[in-house]
Asker: 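This structure is in structure tokens; I'll ask about it shortly.
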Amino acid sequence: MRVGILSDTHDDLKWAKAGVQKLRDAGAELFIHCGDVGGERILDLFAGVPTVFVFGNTDFERELLKRYADDLGITCGGEFADLQLQGKRLAVTHGDDRELMSRAVEQPFDYLLHGHTHALRDERLQRQQLLDTHADFPAELRVINPGALHRATNKTVATLDLPGDELRIFSVQLR
């Protein structure tokens, strides 16, 4: 399964549309938006395709966004989504809440997807200490931030091929 990951669209429709198209062209089968969606028109881009999103610190109309997403068949994960995909466990949160970020480290997640910083991140955190007391934990947690489509010099999105654990970063341009 190829997961398309994006974040921080901040209701910027032209860049969000270009980012979603880049992910579609890359073969994304499921879309994950890591927060700061910004508004309903961004959610419209995901109508009819499997999508999960979480709230960011600038998603102020949360109930409205959740109801609208429900009407479109889009899954709203609230502030923290716990996903099981192809034998992997993914935590998705915006990244502005340290407690929620820590939750992913302290539970047996394979991946933590987040946004908020508007900066790319691909880091593997070793969990040796936790393995001593929690044998069921993956040895590492891969932390991924796809970058941003708003207020970023280089606007980026990413795909994650779960079976191969392959992350690809795509620069987004307007056509």
Side-chain angles (χ1 to χ4, degrees), residues 1-9 16 19-20 22-37 42-43 45-46 49-57 59 69 74-150 152 154-172:
M1 170 178 279
R2 185 163 296 145
V3 179
I5 311 165
L6 67 161
S7 189
D8 295 281
T9 50
V20 169
K22 181 68 81 169
L23 293 171
R24 286 178 193 255
D25 292 347
E29 302 164 74
L30 168 74
F31 292 84
I32 297 177
H33 193 301
C34 299
D36 282 350
V37 170
I42 301 301
L43 294 179
L45 298 173
F46 302 103
V49 294
T51 303
V52 176
F53 79 98
V54 294
F55 294 127
N57 59 300
D59 290 321
I74 295 169
T75 302
C76 175
E79 293 181 351
F80 189 94
D82 180 342
L83 308 174
Q84 297 273 348
L85 302 170
Q86 292 194 318
K88 301 292 182 184
R89 191 168 172 204
L90 291 77
V92 184
T93 190
H94 183 55
D96 60 313
D97 185 324
R98 286 188 179 275
E99 187 175 312
L100 292 177
M101 294 284 282
S102 294
R103 188 165 151 197
V105 174
E106 296 163 358
Q107 294 184 25
F109 287 99
D110 297 285
Y111 296 95
L112 167 58
L113 309 180
H114 74 93
H116 186 59
T117 64
H118 295 231
L120 284 169
R121 179 180 186 190
D122 180 17
E123 183 179 356
R124 294 177 190 266
L125 303 178
Q126 301 303 312
R127 291 184 157 137
Q128 192 55 49
Q129 285 182 314
L130 285 172
L131 288 175
D132 295 338
T133 56
H134 297 83
D136 60 332
F137 272 47
E140 64 183 22
L141 172 69
R142 189 167 187 184
V143 182
I144 299 169
N145 182 334
L149 291 168
H150 178 76
N154 184 23
K155 293 165 176 41
T156 56
V157 295
T159 58
L160 175 62
D161 185 21
L162 287 173
D165 188 38
E166 180 186 345
L167 183 71
R168 292 183 62 205
I169 304 297
F170 298 93
S171 204
V172 178

Asker: List the atom of G95, the atom of M101, and the distance in Å for their closest heavy-atom pair.
Answerer: CA-SD, 3.7 Å

Asker: What is the minimum heavy-atom distance between S7 and G115, and which atoms define it?
Answerer: OG-CA, 3.3 Å

Asker: Show the nearest heavy-atom pair for residues V172 and G19, with the distance to one decimal.
Answerer: CG1-N, 3.7 Å

Asker: Side chains of L90 and I32: closer than 4.5 Å at any heavy-atom pair?
Answerer: yes

Asker: Any chance you could measure E29, atom CD, to D161, atom CG, to the nearest 0.5 Å?
Answerer: 8.5 Å

Asker: With a sphere of 6.0 Å drawn around CZ of R168, does it hold more than 12 non-hydrogen atoms of other residues, nucleotides or ligands?
Answerer: no

Asker: Considering only NZ, NE, NH1 and NH2 on the basic side and carboxylate oxygens on the acidic side, decide whether R142 and D110 come within less than 4.0 Å.
Answerer: no

Asker: Answer yes or no: is there a side-chain heavy-atom contact under 4.5 Å between V52 and V92?
Answerer: no

Asker: Give, for atom CG of L6 and atom OG1 of T156, the distance between the pair rounded to the nearest 0.5 Å.
Answerer: 10.0 Å

Asker: Can you find a heavy atom in the side chain of F53 that is under 4.5 Å from one in the side chain of D59?
Answerer: no

Asker: Taking atom NE2 of H118 and atom CG of L149, what is their separation to the nearest 0.5 Å?
Answerer: 10.0 Å

Asker: Find out whether P146 and F170 are in side-chain contact, i.e. whether some heavy atom of one side chain is under 4.5 Å from a heavy atom of the other.
Answerer: no

Asker: Counting distance only, does the side-chain N/O of K88 pair as donor-acceptor with the main-chain N or O of L85 below 3.5 Å?
Answerer: no

Asker: Counting only heavy atoms not in Q86 (residues, nucleotides, ligands), do more than 12 fall under 6.0 Å from its CD?
Answerer: yes

Asker: Is any side-chain heavy atom of Y111 closer than 4.5 Å to a side-chain heavy atom of D165?
Answerer: yes

Asker: If you look at every heavy atom in I169 and A158, which pair is closest and at what distance?
Answerer: CD1-CB, 3.7 Å

Asker: Once rounded to the nearest 0.5 Å, what's the spacing between atom OG1 of T9 and atom CG of L43?
Answerer: 8.5 Å

Asker: Would you compute the distance between atom CG of L113 and atom CZ of R121 and round it to the nearest 0.5 angstrom?
Answerer: 11.5 Å

Asker: Any donor and acceptor pair, going by atom type alone, linking the side chain of R2 with main-chain N or O of A26 inside 3.5 Å?
Answerer: yes

Asker: Using distance alone, with no hydrogens and no angle criterion, decide if H94 and D36 have a side-chain donor and acceptor under 3.5 Å apart.
Answerer: yes

Asker: Using side-chain contact (heavy atoms from CB on, under 4.5 Å) as the criterion, point out the one residue from D96, T93, D97, N145 that pairs with H116.
Answerer: D96

Asker: Taking all heavy atoms of L120 and all of G147, pick out the closest pair and write down the distance.
Answerer: CD2-N, 3.9 Å

Asker: Enter the distance from R103:CZ to E79:CD here, rounded to the nearest 0.5 Å.
Answerer: 9.5 Å

Asker: For a quick test of reading the model, state the closest non-hydrogen atom pair linking F109 to A91 and the distance between them.
Answerer: CD2-N, 3.4 Å

